[in-house]
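Read the structure below first, then the notes.
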There are 2 protein chains.
Amino acid sequence: MGVTIKDIAKRANVSIATVSRALSGKNKFNSEKTIKKIQALAKEMGYRKNTAAVELVTRSSKVLAVIVSATKTNFANPIIDGIHEEAYKHDLNVIISYAGEKEPQRQYEAIKTIIERSVKGILLLALDLSESSYKLLSESEIPYIFLSISNNRNIPFIASNDYLIGYQATNYLIGQGHKNIALAGLDTNSYIGKQRIAGYRKALIENKLVLRPEWITNGLFTYDDGLKTMKYFGKNPKITAVIACSDLVGLGIANQAVSLGLHVPTDLSIITIDGTNLCNLVRPTLTSLTQDFHQMGILGTKYLIGNDKNTHYSKFIDVKIEKRKSDCPLTRNNKLS
Amino acid sequence: MGVTIKDIAKRANVSIATVSRALSGKNKFNSEKTIKKIQALAKEMGYRKNTAAVELVTRSSKVLAVIVSATKTNFANPIIDGIHEEAYKHDLNVIISYAGEKEPQRQYEAIKTIIERSVKGILLLALDLSESSYKLLSESEIPYIFLSISNNRNIPFIASNDYLIGYQATNYLIGQGHKNIALAGLDTNSYIGKQRIAGYRKALIENKLVLRPEWITNGLFTYDDGLKTMKYFGKNPKITAVIACSDLVGLGIANQAVSLGLHVPTDLSIITIDGTNLCNLVRPTLTSLTQDFHQMGILGTKYLIGNDKNTHYSKFIDVKIEKRKSDCPLTRNNKLS
DNA sequence: CTGAAAGCGCTTACAG
DNA sequence: CTGAAAGCGCTTACAG
């Protein structure tokens, strides 16, 4: 086996307590000379701390757990980047587990495994937890927070306000003169979906426009949902603008629209929700209602670090509209207006 | 604190040894009745295993560590997916640490932290290790493997053969009739870069074409490198085809080419190296020399699981050309031919 | 089939 | 400033 503090203690002619102190920086009790000697010895002997032992005795660890829905979201990355960035500042490690959003069993296992370690906190990304998984989580006494998905159940989260997202995106297009506005690719049964629809409806009503259920297309925020949506709308869509509920949905719509012979934006304006880097990479670039995913990661991590376990903290993060090239004001040129 | 096996033992009127056995499935020694009783009790009392204690006593753990270069590669995801997929099958957890490729200090720390846990193995993604970091790693006695970057130093890896990549991509374009072929956006000082250049050169020479150093553009495989490359080639490029050393480079080149008024592929053919999903999403879709990143993750994980610590195993994974819409045979239409 | 006991490597009051 | 000792929660020969 490896070198232990016992080995070092023997060589240094001190007790293991002294070695432990010297090596973990609790130096107010040790003489500088001893410390130097021990540290040199540790290095020379190739000592490596046994984290398991430390965790066992201190009953805490320096790791943060992230549970991601296996459903590929292309915004998980900026969130995880934010988490890593903040975790690194505080000398914390990050464990990442995948849990299928639609696999309650795997979800449960993922949480269970995490809980069996004394992690400092748990970040749940884009995850819609089953009742039993949530119970397990909340009974663990480990602080946790949901990222990117809000709720109305007094469960801590950091997310965008999806009601506002629906509302602002719709208003933006209305402001461009559009009246026939679709809402595409969202999971209409999810909390997010319902909130966005509510905001969409509100904006329509305020502007005396009618919500047409057939202009809301159900989906799971995927590229294929975008393609399907546009195939369904067809080459002579009554709609002149669409709110895509993810960048991928927006891209699918744009690509399919072009395939159908439509021009984006003059025939069809698109605004996508999310605003990941993909929007800048494709042509035309996609106007987006941008969420600050990186910030979600940072704030979520900060919350867990400073968490006192009893404060149920939830926060909406501001979104902003980034104008790019996939939308334009409604003109005579639009197919139907 | 939480419930321990001691608490369960007391309630069940058995020894902690029995509880330990019953709970960890070493049941060949226990009576079924006792086992059932203990398991029921554990559940009822909300028992959760203390992983730190288990790791300490068994001197092993169920975690696999992944160290990723912080430099954003868009192929890290399929690799990590592959790792998770395989790890899940074997009931293993995955820790992910970021380490800057150009930050030796952070790299070193990342490895050190990982080594202080008794992880089952270490996967290094797209990482070019400094000498001291590598020393630390190799002295740890923990099995490790490099993914996506090969070497000629007897260090285990799973990667594509970059020499062949350069060779095949060049030959493919030559087969399309191109003679003025650029190689763009690669780190010419890296092992990967050198290998690709060597393959490129070889293909050119075999076809009696001259390698022009000014047609190789240096970079770090980024989108901006693609933009820059194309700005440098200008609107009347002598070259008629380019090998982009990543999908992002290829996309940058394509977008910039279009901005310059060139048509892709008739004015400029592009083949990109990597073949991530991005190639399917953009217009025109990008013909690619596709690497099987997912497979790298799976094979790397398998290797670590079955590893006997002494076998230095390295493997090249097959690549394939996926024809899409960003290239075409050289014709009179090409600006210069 | 089950229990007593040793021990994994470390930290931390406590005593000096 | 330093050491002896207890203990973190578990596993596993060993003995019965």
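Owing to the predicted nature of the structure, the values given are computational and were not obtained by experimental measurement. Order of the sequence lines sets the chain letters (A, B, ...), proteins ahead of strands, with each chain counted from 1.
In this structure, of C:dC8, C:dT11, D:dA4, it is D:dA4 that holds the atom nearest to the side chain of A:Ala17.
Here the OH atom belonging to A:Tyr134 is positioned 10.0 Å from the CG atom belonging to A:Leu124, to the nearest 0.5 angstrom.
Remark: A:Thr18 is in phosphate contact with D:dG3, judged by side-chain N or O atoms under 4.0 Å from OP1 or OP2. For the OP1/OP2 pair of C:dT11 and a distance below 4.0 Å, the side-chain nitrogens and oxygens of A:Thr58 include no atom meeting the criterion. Distances shown here put a side-chain N or O of B:Ser20 below 4.0 Å from the OP1 or OP2 atom of D:dT11. For D:dT11, the OP1/OP2 oxygens have a side-chain nitrogen or oxygen of B:Lys49 closer than 4.0 Å.
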List the steps and the verdict of side chain to side chain donor-acceptor pair (under 3.5 Å) for A:Asn93 and B:Thr113.
-> CA-CA 8 Å; A:Asn93 286 96; B:Thr113 316; 4.7 Å; no
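A cation-pi arrangement is absent between B:Arg153 and B:Tyr191 under the rule of less than 6.0 angstrom and at most 45 degrees off the ring axis.
If you check D:dC14 for Watson-Crick or wobble pairing at under 3.5 angstrom, you find it paired to C:dG3.
In this entry the distance linking CD of B:Glu55 with C1' of D:dT12 reads 18 Å, nearest Å. A:Lys37 has its NZ atom 15 Å from the P atom of D:dC1, to the nearest Å. Residue A:Leu56 contributes atom CG, which lies 12 Å from atom P of D:dT11 at whole-angstrom precision. Atom CZ of A:Arg21 and atom P of C:dT11 are 11 Å apart (whole Å). Between A:Lys6 atom NZ and C:dC8 atom C1' there is a gap of 10 Å when expressed in whole angstrom units. A:Lys10 places its NZ atom 16 Å from the C1' atom of D:dG3, with the value rounded to the nearest Å. B:Lys62 has its NZ atom 15 Å from the P atom of D:dC10, to the nearest Å. Counting to the nearest Å, the C1' atom of C:dG3 and the CD1 atom of B:Ile8 are 17 Å from each other.
Nearest-nucleotide assignment on DNA chain C puts the 5′-proximal partner with B:Val14, out of B:Val14 and A:Ile16. Comparing A:Asn50 and B:Ser15, the nucleotide of DNA chain C nearest to each residue sits closer to the 5' end for B:Ser15.
Going from the C1' atom of D:dT12 to that of D:dG16 covers 16 Å, rounded to whole Å.
The side-chain heavy atoms of A:Ile149 and A:Leu127, taken from C-beta on, include no pair separated by under 4.5 Å. Between A:Glu55 and A:Val63 the shortest side-chain heavy-atom distance falls below 4.5 Å.
Nucleic acid contact for A:Asn13: sugar-phosphate only, since backbone atoms but no base atoms lie under 4.0 Å from a heavy atom of the residue.
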